[in-house]
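Here is the structure we will look at, set down as structure tokens.
When a ligand or atom number is given, it counts from 1 through the structure's own listing order. Index from 1, following the sequence. Worth knowing before you read on, the calculation uses all heavy atoms, side chains too, and leaves out hydrogens, waters and symmetry mates.
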Amino acid sequence: MADQLIIFDTTLRDGEQSPGASMTRDEKLRIARQLERLKVDVIEAGFAASSNGDFEAVQLIANTIKDSTICSLSRANDRDISRAAEALKGANRARIHTFIATSPLHMEKKLRMTPDQVFEQAKQSVRFARNLVEDVEFSPEDGYRSDMDFLCRVLEAVISEGATTINVPDTVGYAIPELYGNFIKTLRERIPNSDKAIWSVHCHNDLGMAVANSLAGVKIGGARQVECTINGLGERAGNCSLEEVVMAVKTRKDYFNLELGVDTRHILAASRMVSQTTGFVVQPNKAVVGANAFAHASGIHQDGVLKARDTYEIMRAEDVGWTANKIVLGKLSGRNAFKQRLQELGVQMESEAEINAAFSRFKELADRKSEIFDEDILALVSEESVINDKEQYGFVSLSQHSETGERPQAEIVFTVDGKEVKGSSDGNGPVDASLKAIEVHVKSGAEMVLYSVNAISGSTESQGEVTVRLQNSGRVVNGVGADPDIVVASAKAYLSALNKLHGKGDRVAAQG
Ligand code: KIV
Ligand code: ZN
């Protein structure tokens with residue numbers, strides 16, 4: 001019988017570490033629900049000890065998601081591990097993932113610890129974690145650049161202390177597939193108790209080889225868990241992409257001979273949800289989930305595919321969730337149809353009042369836009385933060401004037417803690433004028449590090465989805481807004497970013 005390959009998704013932890021990809025608790029829960037629908041085996045929900053916000057997100061996900069194992073990252077110390085265990089209390093299956101750096105560079109320069117101190121701390125942390133949960137993963141951070149003898153000593157010791165999964169990170173994306181595969185193989189051959197743990201790969205994409213390295217770790221090294229993120233989200237060049245690794249193993253079953261639990265039909269929805277939530281746009285030629293991944297533009301290819309699909313297609317588009325763009329709802333759709341569609345899209349609203357509010361926004365949109373696609377509905381709920389009166393800033397209305405040869409003017413009405421304020425300004429363009437009109441009141445002093453507009457469903461009739469990334473005092477946040485009017489979408493995105501900027505505490509970095 002073929003072995004099972006465990007898919008460990010770390011979009012909500014390592015993916016979220018990417019500057020600007022930070023998510024609110026509710027956004028994380030929505031993505032966790034989609035990951036559960038996708039049937040990933042393990043969801044790394046966050047790093048509970050890093051901030052109160054992360055603790056609450058891990059706790060909420062642990063209390064809600066029942067089919068996947070829920071994991072929290074934790075540095076190798078008792079406080080972090082206790083905090084992780086506390087956050088995971090409500091989980092059906094809980095995992096603590098503890099880590100400490102083992103490369104000479106990280107031990108000396110970052111931790112300022114001797115190898116013996118690191119060895120002791122790793123052992124003691126795994127022992128402590130095993131007293132709290134059954135399922136303990138250990139990662140030697142920067143493992144791939146660690147000394148082989150030292151790494152063998154540490155990993156043998158933590159397995160003896162009860163670590164159930166050993167994950168070998170290529171933290172800086174330095175590995176080459178064959179070398180990384182052999183590295184895992186050597187570890188497994190040299191460590192006498194290696195068969196007592198499941199081996200896992202965790203590759204970063206700095207040289208564009210995260211997926212190739214992970215697959216080599218599986219094929220050559222015998223790893224049976226892959227750590228990955230939706231769309232390859234992650235710091236710098238990102239992590240191993242879930243959709244690519246999963247589809248490689250599924251499409252080339254003849255080569256890998258491994259079973260997967262993932263229901264690949266939910267991949268595209270997960271990709272869109274992560275992209276819409278974080279504002280990290282998926283490049284059109286991205287494998288599996290890019291807009292062109294299954295589009296055959298050249299005449300020769302089109303002809304071939306029409307005659308026999310497998311002339312140019314190695315995967316079926318529908319197996320990863322592509323369907324012909326269908327109009328899901330319209331002006332005449334009722335509340336029940338809307339509610340059901342939300343459920344199908346994995347959006348769970350907490351109360352009937354919330355559904356009613358979302359439904360009335362849907363009706364407003366349907367009045368202005370005859371065809372409503374899934375993407376429109378997702379955008380509508382992801383801009384919750386600027387229409388939700390619990391938030392500090394809320395969008396009310398906007399008018400702007402622009403004419404060739406004239407300097408554009410904008411006037412905006414928005415709420416600050418429930419009270420309406422009006423701001424006006426001119427600017428280089430209507431968007432610039434509108435955002436300056438907000439700043440007249442807010443005076444956030446934030447620097448805008450990214451502004452991008454994307455047509456949600458392709459044409460000029462579609463909604464414009466705007467992402468605004470703001471940076472202030474070392475914090476980077478993303479705001480997303482959608483509207484058929486891109487100036488309004490921009491104002492919503494800006495207010496949403498301000499809500500995040502003013503709403504979350506500091507956090508400890510995982511690799512800090
Ligand atoms: O890349 C890395 O080393 C990590 C660890 C914390 C597992 O993300
Ligand atoms: Zn990582």
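Within ligand 1, the atoms closer than 4.0 Å to a non-hydrogen atom of Glu141 are 3 (O), numbered from 1 in the order shown. If you number the atoms of ligand 1 from 1 as listed, the ones under 4.0 Å from a heavy atom of Ser139 come out as 7 (C). Residue His97 approaches ligand 1 through these ligand atoms, each under 4.0 Å from one of its heavy atoms: 7 (C). Using a 4.0 Å cut-off to heavy atoms of Asp14, the atoms of ligand 1 that qualify are 8 (O). Atoms of ligand 1 found under 4.0 Å from any heavy atom of His204, numbered from 1 in the order shown, are 1 (O). Residue contact check: His202 has heavy atoms under 4.0 Å from atoms 1 (O), 2 (C), 4 (C), 8 (O) of ligand 1. Less than 4.0 angstrom separates some heavy atom of Thr171 from each of these atoms of ligand 1: 1 (O), 2 (C), 3 (O). Listed by atom number, the atoms of ligand 1 under 4.0 Å from Pro169 heavy atoms are 2 (C), 3 (O).
Ring-centre distance between Phe138 and Phe99: not below the 6.0 Å cut-off.
Using a 4.0 angstrom heavy-atom cutoff, Gln17 does not count as in contact with ligand 1. Between Glu227 and ligand 1 there is no heavy-atom distance shorter than 4.0 Å.
Gln17 and Arg13 share a side-chain donor-acceptor pair at under 3.5 Å. In this structure, a donor-acceptor pair under 3.5 Å is absent between the side chains of Ser72 and His97. Judged purely by distance below 3.5 Å, without hydrogens or angles, the side chains of Glu86 and Gln59 never pair a donor atom with an acceptor atom.
Considering the Zn ion (ligand 2) as centre, the angle to NE2 of His204 and to NE2 of His202 is 100° (10° rounding).
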